[in-house]
Amino acid sequence: MTLTEIKQALAANHLRPLKSLGQNFLFDQNICRQIVAWLNPEPGSAVVEIGPGLGALTELLLDLDIGLTVLEIDKGLAAYLRQKFHRFDNFKLAEGDAVETLHTVPSASCVIGNLPYNVSTPLLVSMLELDPLPRHCVFMLQKELAQRLAAAPHSKEYGAVSILIQSYYSIETLKSLKSNVFFPAPEIDSVVLRMDLKPGTPGFSPEERRAFYALVRRGFSQRRKKLRNLIELDSDRRAEELSVSEWQELYRKLK
């Protein structure tokens with residue numbers, strides 16, 4: 001959708017971008033096509049789109065031979081999307097908070113979306129509790145969060161969410177996005193991030209992944225303290241000094 005089409009659709013349906021929901025609509029059509037191409041879902045696969053907004057990515061995805069379920073929390077946008085795409089047999093909509101509805105829809109091999117800045121981390125953590133995990137994900141998200149997800153040990157960005165995501169996914173930043181490709185323009189820069197499920201990921205159940213994340217968060221709860229003061233570990237090392245695999249080994253030892 002172009003910027004003009006976005007503004008017309010909002011006005012015609014008495015809608016407006018809600019800052020409380022982190023709504024910023026991408027209107028650069030070339031970038032939309034790139035994002036869908038980067039996901040490249042296999043024919044016949046199930047795809048979930050988080051935060052479809054006015055359907056800029058949705059309409060491109062529906063042209064593919066896939067089954068698409070979109071998750072939308074905004075009631076006005078949900079009604080608009082139902083009307084716009086009702087003729088597509090491969091379109092389904094789940095209305096509600098994506099953190100919760102993600103667990104109520106059929107398993108998907110691919111997940112895509114423009115993640116709202118204020119709930120990106122909870123959404124990613126919720127996705128890591130799915131079983132099976134999606135194989136491929138392409139997200140637009142805040143540049144700062146993308147740096148945290150891909151951070152290496154000993155860096156200030158490295159934290160609990162870095163370890164959780166890197167335990168299962170390889171991460172690649174595909175493109176930086178300036179604020180002027182969104183309406184309204186956010187106050188921060190965004191990136192397009194691809195996450196691919198690693199072969200031979202640790203065989204933790206969803207419940208174990210939740211417990212693993214809780215352990216790591218406890219280790220990072222006071223970054224300056226040594227781990228011996230935070231968890232059951234006789235070590236002078238600090239949380240950011242342990243690699244992802246070392247955290248996994250520690251969890252297996254303590255569980």
Side-chain angles (χ1 to χ4, degrees), residues 1-2 5-6 9-10 13 15 17 21-116 119-120 122-124 126-141 169 172 174-175 177 181-182 190 192-197:
M1 299 180 73
T2 65
E5 288 171 336
I6 285 174
L10 290 171
N13 291 275
L15 299 170
L21 297 179
Q23 292 176 345
N24 304 94
F25 305 123
L26 177 66
F27 61 81
D28 187 307
Q29 294 175 299
N30 288 328
I31 294 176
C32 289
R33 285 190 285 268
Q34 274 187 313
I35 290 169
V36 172
W38 279 323
L39 186 68
N40 192 27
E42 294 180 2
S45 61
V47 177
V48 165
E49 182 186 3
I50 298 173
L54 291 164
L57 296 180
T58 311
E59 58 189 356
L60 297 174
L61 290 164
L62 287 172
D63 285 337
L64 306 177
D65 178 20
I66 61 168
L68 179 65
T69 301
V70 303
L71 312 182
E72 179 55 61
I73 190 173
D74 186 301
K75 293 182 180 297
L77 287 176
Y80 169 83
L81 293 166
R82 285 194 186 95
Q83 176 61 31
K84 183 175 183 178
F85 299 118
H86 72 276
R87 68 186 186 280
F88 289 90
D89 293 335
N90 58 335
F91 173 79
K92 293 181 180 179
L93 186 145
E95 187 176 334
D97 186 340
V99 174
E100 300 170 0
T101 55
L102 192 56
H103 294 264
T104 67
V105 300
S107 298
S109 60
C110 299
V111 180
I112 190 171
N114 182 8
L115 302 189
V119 294
S120 295
L123 272 171
L124 290 170
S126 182
M127 190 186 77
L128 263 290
E129 295 178 359
L130 296 176
D131 190 23
L133 290 170
R135 294 197 300 272
H136 308 291
C137 306
V138 174
F139 296 126
M140 287 173 285
L141 40 71
Y169 288 93
E172 180 184 5
L174 300 171
K175 189 179 185 66
L177 301 176
V181 299
F182 295 94
S190 306
V192 182
L193 194 77
R194 180 180 170 100
M195 295 168 38
D196 293 305
L197 192 65

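The analysis underlying the following values was restricted to heavy atoms, covering all of them including side chains, and did not include hydrogens, waters or symmetry mates.
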> Hey, does Ser190 have a side-chain heavy atom less than 4.5 Å from the side chain of Val181?
Replying inline: no
>> Let me confirm one number: the CZ-SG distance from Arg194 to Cys137, rounded to the nearest 0.5 Å.
In response: 9.0 Å
>> Between Leu64 and Asn90, is the side chain to side chain contact (heavy atoms under 4.5 Å, CB included) condition met? List the steps.
In response: CA-CA 9 Å; Leu64 306 177; Asn90 58 335; over 6 Å; no
> Between Glu95 and Thr101, is any pair of side-chain heavy atoms under 4.5 Å apart?
Replying inline: no
> With sequence neighbours left out, what residues match Phe182 under ring pair (Phe, Tyr, Trp, His ring centres under 6.0 Å)?
Replying inline: none
>> Checking Lys92 now: which residues fulfil side chain to side chain contact (heavy atoms under 4.5 Å, CB included) with it, not counting sequence neighbours?
In response: Thr69
> Nearest heavy-atom pair of Phe25 and Pro17: which atoms, and what distance?
Replying inline: CE1-CG, 3.9 Å
>> Rounded at 0.5 Å granularity, tell me how far SG in Cys32 sits from CG in Leu61.
In response: 10.0 Å
> Under the side chain to side chain contact (heavy atoms under 4.5 Å, CB included) criterion, do Val47 and Leu39 qualify, and how do the steps go?
Replying inline: CA-CA 10 Å; Val47 177; Leu39 186 68; 4.1 Å; yes
> What pair of heavy atoms forms the shortest contact from Ala9 to Tyr80, and how long is it?
Replying inline: CB-OH, 3.8 Å
> Looking at NE2 of His136 and CD of Glu42, how far apart are the two atoms once the value is rounded to the nearest 0.5 Å?
Replying inline: 6.5 Å
> After noting the C-alpha distance and the side-chain angles of Phe139 and Ile112, does the key distance pass the side chain to side chain contact (heavy atoms under 4.5 Å, CB included) rule?
Replying inline: CA-CA 6 Å; Phe139 296 126; Ile112 190 171; 5.8 Å; no
> Stepwise, does the side chain to side chain contact (heavy atoms under 4.5 Å, CB included) test hold for Glu100 with His103?
Replying inline: CA-CA 6 Å; Glu100 300 170 0; His103 294 264; over 6 Å; no
> If you look at every heavy atom in Lys84 and Leu54, which pair is closest and at what distance?
Replying inline: NZ-O, 3.2 Å
> Testing Asn114, Leu115, Leu193 for side chain to side chain contact (heavy atoms under 4.5 Å, CB included) with Met140, which one passes?
Replying inline: Asn114
> Within the distance-only criterion (no hydrogens, no angle test), does the side chain of Glu172 pair as donor or acceptor with the backbone N or O of Leu174 below 3.5 angstrom?
Replying inline: no
> Out of curiosity, Leu68 CG to Leu93 CG, how far, rounded to the nearest 0.5 Å?
Replying inline: 9.5 Å
> Which pair of non-hydrogen atoms, one from Ser45 and one from Pro41, has the smallest distance, and what is that distance?
Replying inline: OG-CB, 3.5 Å
> At their closest point, which heavy atom of Glu5 faces which heavy atom of Met1, and how far apart are they?
Replying inline: OE1-CA, 3.3 Å
> Does the side chain of Leu77 come within less than 4.5 Å of Gln23's, by heavy atoms?
Replying inline: yes
> What distance do Leu130 atom CG and Leu102 atom CG have between them, rounded to the nearest 0.5 Å?
Replying inline: 4.5 Å
> Take atom CD in Gln29; do more than 12 heavy atoms of anything else shown fall under 6.0 Å from it?
Replying inline: yes
> With a 4.5 Å heavy-atom cut-off, do Thr58 and Phe91 have their side chains touching?
Replying inline: yes
> Got more than 12 heavy atoms from elsewhere within 6.0 Å of CG, Asp131?
Replying inline: yes
> Any side-chain heavy atom of Glu59 within less than 4.5 Å of one from Phe85?
Replying inline: yes
>> So, taking the atom named CG in Asp74 and the one named CG in Leu81, what distance separates them when rounded to the nearest 0.5 Å?
In response: 9.0 Å
> Which heavy atom in Leu133 sits nearest to a heavy atom in Tyr169, and how many Å separate them?
Replying inline: CB-OH, 3.6 Å
>> Side chains of Val119 and Asp97, heavy atoms from C-beta outward: is any pair under 4.5 Å?
In response: no
>> When you compare the side chain of Trp38 with that of Lys175, does any pair of heavy atoms fall below 4.5 Å?
In response: yes
